[in-house]
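Comments concern the structure below.
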Amino acid sequence: MLKSGFGGGGDASSPLKLFTNAKKKINGIYRDIGNYVSEFHTFVEEIKDVEENELVHQELVDHIQTCAQKVNGIKEMLLRDHMKVVFFGRTSNGKSTVINAMLWDKILPSGLGHTTNCFLSIEGCDDKDGPYLLCDGSEEKRNVKSVSQLGHALSQESMSNDSLIKVCWPKNKCSLLKNEVVLVDSPGIDVTEDMDSWIDAYCLDADVFILVANAESTLMLAEKKFFHKVNERLSKPNIFILNNRWDASAAEPDLMEQVRQQHLERGISFLAKELGVVTPQQAKDRVFFISAKEALNARLQRLQDDIISGMPEAGGALAEGFQARLIEFCTFEHSFEECISRSATRTKFHQHTQCAQDIMKSLLTECESLLKESSRMKQECDEYNEQLENQITFLEKRLKLLTAQAKEAITRLVSETEFQVRQAMSDEIRRLSLLVDEFDQPFHQNMMVLQVYKAELYRHVEEVLGRNLSARCSSSLQKQINKSKQLMLDEAQPLFECSNNSEQEPVLVSQAQNSAFDMSYDINCASLCQDFQEDIEFKFSLGFKCLMGRFIGSRKAIAPSEVPRPISGTGEVIAHQRQQADDSLSLQDILTSVAASYLKHNNSQSAGMLVGIIMVPYALWRTIGWKAIVFTVASYGSLYLYERLTWTSRAQEHALKRQFVEHATEKLNLITTFTSSNCSHQVQQELSTTFAQICHKVDEISKELKSDSEEMQDKSSRLSEIQSKIKTLKNKANFLSGDIDSFVKKFLHDYAV
Ligand code: GDP
C-alpha cells in the first residue's frame, strides 16, 4: 500500500514523477528511433541489393549500423537508469534511520550492534521476487523476510568497508523505490581514509548526496574533506545537509535558535563558499534540522494506527517541537525529490537526448542527400530514356525512307542489268559465226573424233561467249552495284550512329566492300546444243533427196511459231519439241507440198530445177533428139562427180560449223530473255542481301535501344518508389526530431537550473 501525505512521494503530483515520466517518454522515443533505424537499414540494404550501388554506398550502411548499435546501447542504459542518492556521515549520526524514515519502513537495522560497515544499496524489485540480498558482485539471491533477518544476515557477512550489499525491496511497499530511487547507505565517514575509492565506486553516478550530521556537534573535518573530494570529481554535486537528532535540542529551548543559526550559517558557508556548489540563498534550502528517529516512529505509528498526527514510539510523551521537526523532514523530502528528479533527468537524459538528436540529424541529412541523389539519377534516367525514344522514332522513320530508296535503286539497277545483258547477248549472237570460225581443232568424219570436236566446240563457244559478256557487262555492273551499296551504307550511317556498339557498322561496311560481285551468265552450251545433230553426209545438190529436202525445208519453215519459248538449261526439252515437230510431218504432207510447189510454178530454185530436169530433156528429145539427152546426162554426171570430189573434210567441217551456228543462234535467241532476267535477278539478290544486312543491323540497334529504354523505364519507376520511401523516412525523421525537441522542452529546458 502506498502512503500519502508527509512527502511520501506516492501521489501523482510527486516531483519524482518528472524523472519517471521523462524516462518513460525517452524510452518510447528510443524505441521509435530503434524501429526507425532498423527500417532505414532494411531499406538501404534492399536498395543496395537491387543494383542501386551508385545511390547507396557502404559508408551509409556502416553509418546506419553504427547508429543502430548506439541506439541499442542507450536503450539498455535507459533500462538501468535510476535516481541515486548516497548518504554520508559519521557512524551513528542516523543515516540508516533517515533512510528508513524516508522509506516509511524499518528496512535497515539501526542502533547498537547494527553499525553499517559496508555500502548498502536499497532498490526496488518486483513484488513477487523480493525482498532479497545480493552480496558484492554475486548473482545469488539471498532470501530475507524481515529486518531482523536482514540484520542477522548483515552481521554474518564479513565485508570490507568498500564492498556493496544490494537490498532489493518490493517496490510497492515504498513509493521512493517505486519511482526508481536507489538509496545508498555508506559506512561511517570516520572509518576510512581511502575516500577516493569510495567516490570512484559509488559516487560518480550519484544524483544527490545527503550529509547526515549530528545536530549535537559541529561538522567534522572528515565530513568536509570527503565532500571536497566529491566536489573535485563531480561538477557541482547536489548536497543536502541534514542536522539530525534535532529532537535533542528540545531539552534546551533557550539555546535552540542560537545553535540552529550557528549550524545553518556553517552549513551555508560550507556549501556556498567552501564548495561553491550553490549560492548562499540556495544553500539555505539545502540545510535542514530534523529528527529521523521521530519521523520514522511517527510514520510507523501512522501505518499502524492510521492516525494522522505523529505519536512517539511506545506511547511516549511528545517531545517539544516534534511537529515542526516532522514538517521540516517532509520539507526536506520534497526538496530532495525535486532536486534528485530534476538533476537525474538532466544528467541522465540530457546526454541521451543529445545523442538521439545527433542520430536523427545525421539520418535526416542522409535522407536529404539520398533524395537529392535519387532525384538527380531519376532525371538523368528520364532524359536518357527520352533520348532513346527519339532515337527509336528516328530509326523507324529513317528505315522506311531507306527502304523506299533502296527499292527504287534496286529496281533501276535490275532493269539496267537486264537491258545491258540482253543487248550484249544479241551482239554476241550476231557475231557467233565469227566466234565459231575462230575455233580450230582437228576434224574428222569419224564418230569418236566428231564427238570430241563438238564437245570442244561447245566449250569454246561457252567460254568465249561468257568472257565476252563478262567483259561487256560485269565491270560496269560491278561499279554500279558497289555504288548502290555505298549509297545504302551512307544513308544507313546515321542509323548505325544510334548504336552504343560502334563496332557494328565498320564490320558491315567492310563486309559490303569486300564482297566482289561475280555475275554468272549461266550459258551451258553443251546442254543447249544437246539436240544438235550435224548432217555431213554427201548430198548431190541436184539429187532427188536434196531437192525433196528443199521442198520440205520450205514447208517446215512456215511454222516457227509452233516452237514454244525455251527455258534455260532445257536443251533436252527443245530437242524433244523439235523432234515432235519433225515427226508430225507425214508423207501426205510432203507430196502435197511437192505438188503444190510444182502446180503453183513458184519461183523457187528447186521448182525450176525440177521443171528443167523433166521438161528440158523432153523438149530437147522432141526438138533435137537423143544427142541432147546424152549431153544432159553427161552434164548431170559431171556435176555429180565434181560435187563428190569437192566434198572434202574441210567442206564437211565448214558444213558442220554452219549448221551449228544456225542451231546455236536459234537456241541462244531463245534463252536471251531468260539469261538477262537471270543476271538481273543476281544483281537484285546481291543488292537485296546488302540491304537485308543493313536492315538486320538496324533491327539489332533498334532492339538494343528498346531494351535500353525498357531498362531505363524500370530504373526510373524503381527510383520513384525509392524517392517516395525516402520521403516517408524523412518525414518520420522530422517527426522523431520534433518528439525529441518537445521532450527537451518539457523535461530539460523548463527544469534546467
Ligand atoms: P548510522 O550508523 O549513521 O546508520 O546510525 P543509525 O541510524 O544506526 O543510528 C544510530 C543510533 O542513533 C540509533 O540508536 C538511533 O536510534 C539513533 N538515532 C538516530 N536518529 C536519531 C534522532 O533523530 N534522534 C535520536 N534521539 N536518536 C536518533
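Atoms within a ligand are numbered from 1 in the order they appear, just like the ligands themselves. Quick note: numbers below take in every heavy atom, side chains included, and nothing from hydrogens, waters or symmetry partners. For clarity, every value in this text was computed on a predicted model and none was experimentally measured. Numbers for residues simply follow the sequence, beginning at 1.
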*Please determine, by modelled atom types, if Arg286 and Ser335 share a side-chain donor-acceptor pair under 3.5 angstrom.*
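Looking only at side-chain atoms, Ser335 and Arg286 do not form any donor-acceptor pair under 3.5 Å.
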
*Verdict with supporting geometry, Asp207 and His82, side-chain hydrogen bond (donor to acceptor under 3.5 Å, both in side chains)*: CA-CA 9 Å; Asp207 301 295; His82 49 244; over 6 Å; no

If we only count N/O pairs under 3.5 Å, is [X] in contact with ligand 1?
| X | answer |
| --- | --- |
| Arg245 | yes |
| Ala292 | yes |
| Asp247 | yes |
| Asn244 | yes |
| Pro109 | no |

Would you mind listing which atoms of ligand 1 come within a distance below 4.0 Å of any non-hydrogen atom of [X]?
| X | answer |
| --- | --- |
| Ser96 | 4 (O), 7 (O) |
| Gly94 | 1 (P), 3 (O), 5 (O), 6 (P), 7 (O), 9 (O), 19 (C) |
| Ser291 | 22 (C), 23 (O), 24 (N) |

Ignoring hydrogens and angles, write down the donor-acceptor pairs under 3.5 Å from the side chains of residues 66-75, residues two or more places apart or on other chains.
{"residue": "Thr66", "atom": "OG1", "partner": "Asp62", "partner atom": "O", "Å": "2.7"}
{"residue": "Asn72", "atom": "ND2", "partner": "Ala68", "partner atom": "O", "Å": "3.3"}

*Measure from NZ or CZ of Lys141 to the centre of the six-membered ring of Tyr132, then state whether that distance is under 6.0 Å and the direction lies within 45° of the axis.*
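Geometry flag: set, cation within 6.0 Å and 45°.
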
*asked:* For the NZ atom of Lys23 and the CE atom of Met83, what is their distance to the nearest 0.5 Å?
replied: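 With rounding to 0.5 Å, NZ (Lys23) is 8.5 Å from CE (Met83).
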
*asked:* Heavy atom to atom 22 (C) of ligand 1, shortest distance: which of Glu216, Lys293, Arg90, Arg325 holds it?
replied: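 Result: the heavy atom closest to atom 22 (C) of ligand 1 is in Lys293.
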
*Hey, is Ala248 one of the residues with a heavy atom under 4.0 angstrom from ligand 1?*
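False for this residue.
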
*asked:* Less than 4.0 Å is my threshold; does some heavy atom of Ser92 fall inside it relative to ligand 1?
replied: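 Ser92 counts as a contact of ligand 1 under the 4.0 Å cut-off.
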
Name the atoms and distances for all side-chain donor-acceptor pairs under 3.5 Å in residues 270-280, with sequence neighbours left out.
{"residue": "Glu274", "atom": "OE1", "partner": "His228", "partner atom": "NE2", "Å": "3.3"}
{"residue": "Glu274", "atom": "OE2", "partner": "Lys224", "partner atom": "NZ", "Å": "3.2"}
{"residue": "Thr279", "atom": "OG1", "partner": "Gln282", "partner atom": "N", "Å": "3.1"}
{"residue": "Thr279", "atom": "OG1", "partner": "Gln282", "partner atom": "OE1", "Å": "3.2"}

*Which heavy atom in Ile29 sits nearest to a heavy atom in Asp739, and how many Å separate them?*
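Heavy atoms of Ile29 and Asp739 come nearest at CD1-O, 3.8 Å.
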
*asked:* Can you tell me which portion of Thr97 lies within the under-4.0 Å heavy-atom range of ligand 1? Options are side chain, backbone, both, or neither.
replied: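 Both backbone and side chain of Thr97 come within 4.0 Å of ligand 1.
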
*Can you establish whether the number of heavy atoms outside Gln354 located under 6.0 Å from its atom CD is more than 12?*
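Yes, the 6.0 Å shell around CD holds more than 12 heavy atoms from other groups.
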
